[in-house]
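Here the structure comes first, spelled out in structure tokens, and everything after it is commentary.
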Amino acid sequence: MKLITDFRNSELSLRLIRKIEDESVSECNYSIMEVCGTHTVSIFKYGIRSVLPENVELISGPGCPVCVTSQGEIDAIFRIVNNNDISLLTFGDLMKVTGSNGENLIDLRSEGKDIRVLLSPLDAVKTAAREPDRQFVFVGIGFETTAPAIASALLEAKKMGISNFSILPYCKTMPEVLGCLLDDPKLDIKGFLCPGHVSVVTGKKIFQPLAQRGRAAVITGFEPLDILSSLLHIIRQVNSGDYCVYNNYSRVVDNAGNEKAVQIMNTVFKPSPAFWRGLGELDGSGLGLKEEFSAFNSLEKFNVKVPRINEKKGCRCGDVLKGYIRPNLCPLYGKQCTPENPVGPCMVSSEGACAAYYKFN
Ligand code: SF4
């Protein structure tokens, strides 16, 4: 067997497109959700939607961590920064996300607040260790992909006895939100392109409920051949009615996942309710801090509650994240809302569906 090394090979891509055309039965509507924001970007970047038959429809899902962070969670960040003399440490994608009052973190920084962009949670701990007289708050957003790195940073902070560091525990997990999408009578998703990055940590098993509920589930990489071949797998599963979780990214994802990373994550975090933009509160879909790490919880440390707040008027990010509408159907798209002046997080984040749609259409 010849090993594939060029995952953008045009000849192989064309062959896969022909197979997809041949095997997608005309009377079936193959609605397929790509759950991961990185998949959304790849799909737009390589023009994959445009080469598929009409009845093979790709829908973007709730897989961009910045986008699914609820308005209440965002507002809680602003409350902590505005009411306390702290330094905020965050990933760069959050800088342009606006609070309910229309301000973003760039505005707050220009007003003199100390807000720093970091690349890793461990950098956040090191920063706090260097300046022991200041309080540091790290915005801990992400899915199962990022949670082990945040957990590992907290273990390090605990080991070092650092008391001027805490996190906003905003990490979310995939299985519950996927279940919620399956329960939604407005959606008729036949299959999922399962997120490759999350799967590196979790392995196949978290997607098993999808197959058990009669949906195709294919763990997918991010190159054109990965995506096209996964779509073909999904179409074949739908046609045969024989559903399973197929690992089509085995060059990176081990079926069992990364047990060490899961163990680190489980040492620090426990399942908790979480607020999702557009989807509301989902039981067990968040990662709260275990009792022994509660001193690192910024919400408790600064006595802030996550308010229950609706999205801004006119913003349809929630509907985009649920796959109800395409970005261009939001009335603000391309008018009041552009990457330069984003209204909602789906236009802010580099992995947001609206930003990808705008950039590549
Ligand atoms: Fe939200 Fe802007 Fe997208 Fe509309 S176009 S859904 S306001 S990000």
Side-chain angles (χ1 to χ4, degrees), residues 31-45 47-50 57-78 90-108 139 141-143 170 172 177 180-181 184 186-187 189 193 195 274-282 306-361:
S31 304
I32 299 168
M33 178 172 275
E34 87 269 3
V35 182
C36 169
T38 316
H39 279 147
T40 301
V41 173
S42 292
I43 285 163
F44 281 113
K45 181 173 169 188
I48 288 176
R49 287 185 179 198
S50 63
E57 186 195 11
L58 286 177
I59 307 165
S60 301
C64 152
V66 172
C67 307
V68 296
T69 301
S70 70
Q71 195 59 51
E73 288 174 324
I74 298 292
D75 282 15
I77 302 174
F78 284 78
T90 177
F91 295 130
D93 263 8
L94 266 177
M95 290 300 286
K96 278 185 159 184
V97 178
T98 49
S100 294
N101 65 358
E103 276 198 319
N104 61 30
L105 294 177
I106 297 174
D107 298 327
L108 288 195
V139 188
I141 64 163
F143 293 114
Y170 288 169
K172 296 177 172 54
V177 74
C180 171
L181 294 170
D184 189 332
K186 286 193 190 160
L187 296 169
I189 302 167
L193 291 170
F275 296 96
W276 295 65
R277 189 177 292 269
L279 291 139
E281 187 177 359
L282 302 181
V306 173
R308 294 178 185 232
I309 293 175
N310 291 331
E311 283 178 60
K312 281 176 237 155
K313 210 159 175 250
C315 172
R316 304 275 310 267
C317 281
D319 288 340
V320 170
L321 291 166
K322 284 183 284 197
Y324 285 5
I325 62 163
R326 291 192 173 212
N328 61 333
L329 292 179
C330 170
L332 308 186
Y333 175 86
K335 300 175 190 113
Q336 292 98 320
C337 187
T338 62
E340 293 72 37
N341 287 304
V343 174
C346 297
M347 191 61 95
V348 172
S349 171
S350 56
E351 293 195 346
C354 297
Y357 202 95
Y358 192 90
K359 185 169 179 189
F360 296 108
N361 267 294

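Note that ligands are numbered from 1 as they come in the structure, with each ligand's atoms numbered from 1 the same way. In what follows, every heavy atom counts, from backbone to side chain, and hydrogens, waters and symmetry copies are set aside. Treat the numbers as computed from the prediction; the structure is a model and nothing was measured.
Between the CE atom of M95 and the CG atom of N104 there is a distance of 7.5 Å, given to the nearest 0.5 Å. The line from CG of D319 to CG of L329 is 10.0 Å long, rounded to the nearest 0.5 Å. One distance of note links SG of C330 with CD1 of I325; it measures 5.5 Å at 0.5 Å rounding.
Looking at C354 against ligand 1, only its side chain comes within 4.0 Å, counting heavy atoms.
Scanning the protein heavy atoms around atom 2 (Fe) of ligand 1, the nearest turns out to be C337 SG, 2.3 Å. Protein heavy atom nearest atom 7 (S) of ligand 1, with residue, atom name and distance: C315 SG, 3.5 Å. Closest to atom 1 (Fe) of ligand 1, if we only count protein heavy atoms, is C317 SG, 2.6 Å.
Atom 4 (Fe) of ligand 1 has C330 among its coordinating residues (N/O/S atom, backbone or side chain, under 2.8 Å).
Looking only at side-chain heavy atoms (C-beta outward), E351 and T40 stay at 4.5 Å or farther from each other.
Short contacts between ligand 1 and M347, defined as distances under 4.0 Å to a heavy atom of the residue, involve ligand atoms 8 (S).
Side-chain atoms of Y170 come within 3.5 Å of backbone atoms of E73 as a donor-acceptor pair (strictly under, hydrogens ignored).
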